[in-house]
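Shown next, in structure tokens, is the structure this report addresses.
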Protein chains: 2
Amino acid sequence: MPETWVDRPRSGDGPLYRQVREALLREIAQGRHPVTEPLPSEQKLAARFGVAQGTVRRALDEMARENLVIRHQGRGTFVHAHGPDRDRFHFFHLLAADGERRLPTSRVLSMTQRRVTQTEALALSLSPQARVVEIKRVRDLMARRAILELIILPDDLFPGLGDLNKTQLPNTLYQLYQDRFAVIVHRAVEKITAEAAGPDDVTHLGLDRGAPLLRIERIAQTLDGTPVELRISRCDTTHLAYFSDLL
Amino acid sequence: MPETWVDRPRSGDGPLYRQVREALLREIAQGRHPVTEPLPSEQKLAARFGVAQGTVRRALDEMARENLVIRHQGRGTFVHAHGPDRDRFHFFHLLAADGERRLPTSRVLSMTQRRVTQTEALALSLSPQARVVEIKRVRDLMARRAILELIILPDDLFPGLGDLNKTQLPNTLYQLYQDRFAVIVHRAVEKITAEAAGPDDVTHLGLDRGAPLLRIERIAQTLDGTPVELRISRCDTTHLAYFSDLL
DNA sequence: AACACAAAGTCTTCTATAAGAGTTATAAGA
DNA sequence: TCTTATAACTCTTATAGAAGACTTTGTGTT
């Protein structure tokens with residue numbers, strides 16, 4: 001046996017290139033293929049799967065389009081991770097008033113560990129007894145308080161996170177998830193509503209009581225669809241807007 | 001000369017398949033290739049452009065991914081237009097409270113013709129003297145007043161629209177734009193903010209004065225990026241939510 | 001001997017072409 | 001109605017050269 005052959009595309013599942021795609025997806029989801037080193041070359045993968053190189057290529061191209069892997073000519077194909085290369089705005093859809101996309105800064109208000117609530121358990125598909133870490137922070141955009149954020153993380157996916165000092169949290173959390181806990185956020189679903197400012201919003205965002213604000217409820221997922229983060233952002237949209245491109 | 005040969009891919013512009021793509025895009029934007037009949041077959045296009053069939057295929061595949069054309073095995077490739085085939089929810093991102101995607105019904109309040117305002121002219125890149133048609137309507141979702149919509153259309157793109165009776169307007173306007181005026185909306189950009197309900201919202205949506213609502217400002221564009229519609233939707237989000245998938 | 005730099009070689013992805021087998025839809029004919 | 005033919009797209013494989021990135025080797029200098 002030339003290699004450990006864990007995942008062969010099953011026969012009769014549809015197009016070959018899609019079977020290859022699924023096999024690769026499973027491998028990546030299982031955590032083989034560290035983000036620091038390239039996947040096996042197209043040739044190698046083709047040999048492993050017993051298909052032509054072009055078929056592997058088609059699978060990889062499709063995955064690259066979905067931002068699951070990133071391909072560098074001459075270097076190889078890598079699992080698409082968070083880092084300097086990646087588009088930082090992919091998961092940040094707030095636009096400053098001047099129409100420019102800017103990254104916010106963050107100040108952590110609190111970080112606590114506790115039992116999950118019922119709605120949280122539902123959103124993250126956790127058991128009612130599960131424990132979570134709750135992070136609360138204020139984010140500034142263009143030196144103006146703009147976002148009040150509540151982040152809920154399953155404790156079992158992020159062991160030891162609750163013990164960190166709140167000053168140790170970086171601005172870009174997804175980078176942290178990836179580097180410290182090998183959790184890679186690949187996609188997210190957001191539900192957006194309008195709400196009236198409550199006491200918390202008044203104190204931390206400086207809004208008037210009852211002022212309209214944008215509520216963004218995000219569930220971030222890994223490659224295989226496992227929800228790993230629930231994030232509720234409350235935004236003062238007097239100087240910014242959420243944007244969405246319908247292509 | 002075998003055909004009218006308007007657009008040849010220029011030499012040295014980058015990958016061949018992309019030159020073909022651009023050439024086809026120009027053709028479609030110019031309004032050749034009616035939506036009712038297929039584009040020339042891959043073979044024909046390959047012959048026209050002097051490239052291999054696989055190269056044309058790659059260009060078309062890319063365009064199909066971007067929802068610019070739609071491919072039917074055995075029938076041909078068509079300009080992707082609005083109609084029964086097309087995903088009706090592509091341009092409607094509101095989610096009912098139960099999590100289901102439903103289409104709203106519409107009741108037109110008014111339809112008037114007037115001079116463009118300054119902000120409208122900016123958004124639609126019109127001259128300050130241009131005339132527009134303004135449509136105002138209320139949309140119900142699950143038999144509940146949910147959206148107050150203001151639609152601004154450049155008069156020169158939609159000649160004679162202002163003369164229509166307001167009862168003649170269909171629920172799905174993009175279908176009308178396409179069938180009556182040969183204007184195909186291919187993409188849209190939305191900016192979303194939270195606002196307080198004003199007098200209009202109170203009367204038409206039954207909201208309390210100052211209640212928070214979701215404001216969606218959409219600019220719809222044709223293939224070549226020409227803005228053709230400005231639409232401002234004011235939504236009561238007590239029973240629905242805007243959703244966005246970050247893939 | 002140690003270092004700097006250029007050339008050569010190798011690995012990888014990217015582009016282009018070609019060809020054959022399979023699937024789907026439409027139209028013509030029995 | 002059923003069958004057949006045809007046209008079109010789909011899938012897979014194969015090959016070959018171009019282009020980018022990295023490593024090794026060779027050369028010359030210090």
Side-chain angles (χ1 to χ4, degrees), chain A residues 3 8-24 28 33-81 83-85, chain B residues 8-24 28 33-80 83-85:
Chain A
E3 296 258 349
R8 291 274 289 149
R10 302 183 283 289
S11 48
D13 255 64
L16 255 188
Y17 72 90
R18 203 165 289 275
Q19 296 176 35
V20 170
R21 179 183 178 277
E22 295 308 319
L24 286 172
I28 296 174
H33 307 303
V35 299
T36 52
E37 53 181 319
L39 300 183
S41 74
E42 294 179 351
Q43 292 292 354
K44 297 243 180 69
L45 288 174
R48 279 231 276 111
F49 289 127
V51 299
Q53 181 248 15
T55 304
V56 173
R57 155 165 292 273
R58 180 148 185 197
L60 288 174
D61 280 344
E62 203 172 83
M63 292 166 74
R65 282 202 316 270
E66 302 172 48
N67 286 316
L68 303 176
V69 298
I70 185 164
R71 322 194 70 186
H72 293 290
Q73 184 172 341
R75 280 209 285 149
T77 303
F78 300 75
V79 175
H80 195 179
D85 289 348
Chain B
R8 291 273 291 147
R10 303 183 284 289
S11 48
D13 254 65
L16 253 187
Y17 71 91
R18 201 165 289 278
Q19 296 176 35
V20 170
R21 179 182 178 279
E22 295 309 317
L24 285 172
I28 295 173
H33 308 300
V35 299
T36 51
E37 52 182 320
L39 301 183
S41 76
E42 295 180 350
Q43 292 292 354
K44 298 242 180 66
L45 288 173
R48 278 232 276 111
F49 290 129
V51 299
Q53 183 244 16
T55 304
V56 173
R57 156 166 293 273
R58 180 151 183 192
L60 288 175
D61 280 343
E62 204 171 82
M63 292 165 74
R65 281 204 316 274
E66 302 173 50
N67 286 316
L68 303 175
V69 299
I70 185 163
R71 322 193 70 185
H72 293 290
Q73 184 172 251
R75 279 208 285 150
T77 303
F78 299 76
V79 175
H80 195 178
D85 288 349

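So you know, we letter chains A, B, ... as the sequences are listed, proteins then strands, and number each from 1.
- Closest non-hydrogen pair, A:Val35 versus A:Phe78, comes out as O-CD2, 3.9 Å.
- For A:Ala52, the side-chain atoms get nearest to D:dT13 when compared with the rest of D:dA21, D:dC9, D:dT13.
- Of all nucleotides in DNA chain C having an atom under 4.0 Å from a heavy atom of chain B, the first and last in 5' to 3' order are C:dT15 to C:dT26.
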Hey, mind stepping through B:Leu39 and B:Leu60 against side chain to side chain contact (heavy atoms under 4.5 Å, CB included) and telling me if it holds? CA-CA 10 Å; B:Leu39 301 183; B:Leu60 288 175; 4.1 Å; yes
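- For the pair A:Arg71 CZ and D:dA19 P, the computed distance is 18 Å after rounding to whole Å.
- Contacts of A:Arg57 with the nucleic acid, taken as non-hydrogen atoms under 4.0 Å apart, include base atoms.
- In a base pair of the Watson-Crick type (N1 to N3 plus N6-O4 or O6-N4) or a G-U wobble (N1-O2 and O6-N3), with each distance short of 3.5 Å, D:dT27 is matched with C:dA4.
- Nucleotide D:dT10 holds its C1' atom 10 Å from the CD atom of B:Gln53, rounded to whole Å.
- When distances are taken from the side chain of A:Arg75 to each of D:dT13, D:dA18, D:dC22, the shortest belongs to D:dC22.
- Between the P atom of D:dA8 and the CG atom of B:Leu60 lies a distance of 13 Å, rounded to the nearest Å.
- Considering only the side chain of B:Gln73, D:dC9 comes nearest among D:dC9, D:dT13, D:dA18.
- Atoms CD1 (B:Ile70) and P (D:dC9) sit 13 Å apart, rounded to a whole Å.
- In this structure, B:Glu42 places its CD atom 7 Å from P of D:dT10, rounding to the nearest Å.
- When the P atom of D:dT13 is taken as reference, atom CZ of A:Arg58 falls 12 Å away, rounded to whole Å.
- Between the CD atom of A:Gln43 and the P atom of D:dA14 there is a distance of 11 Å, rounded to whole Å.
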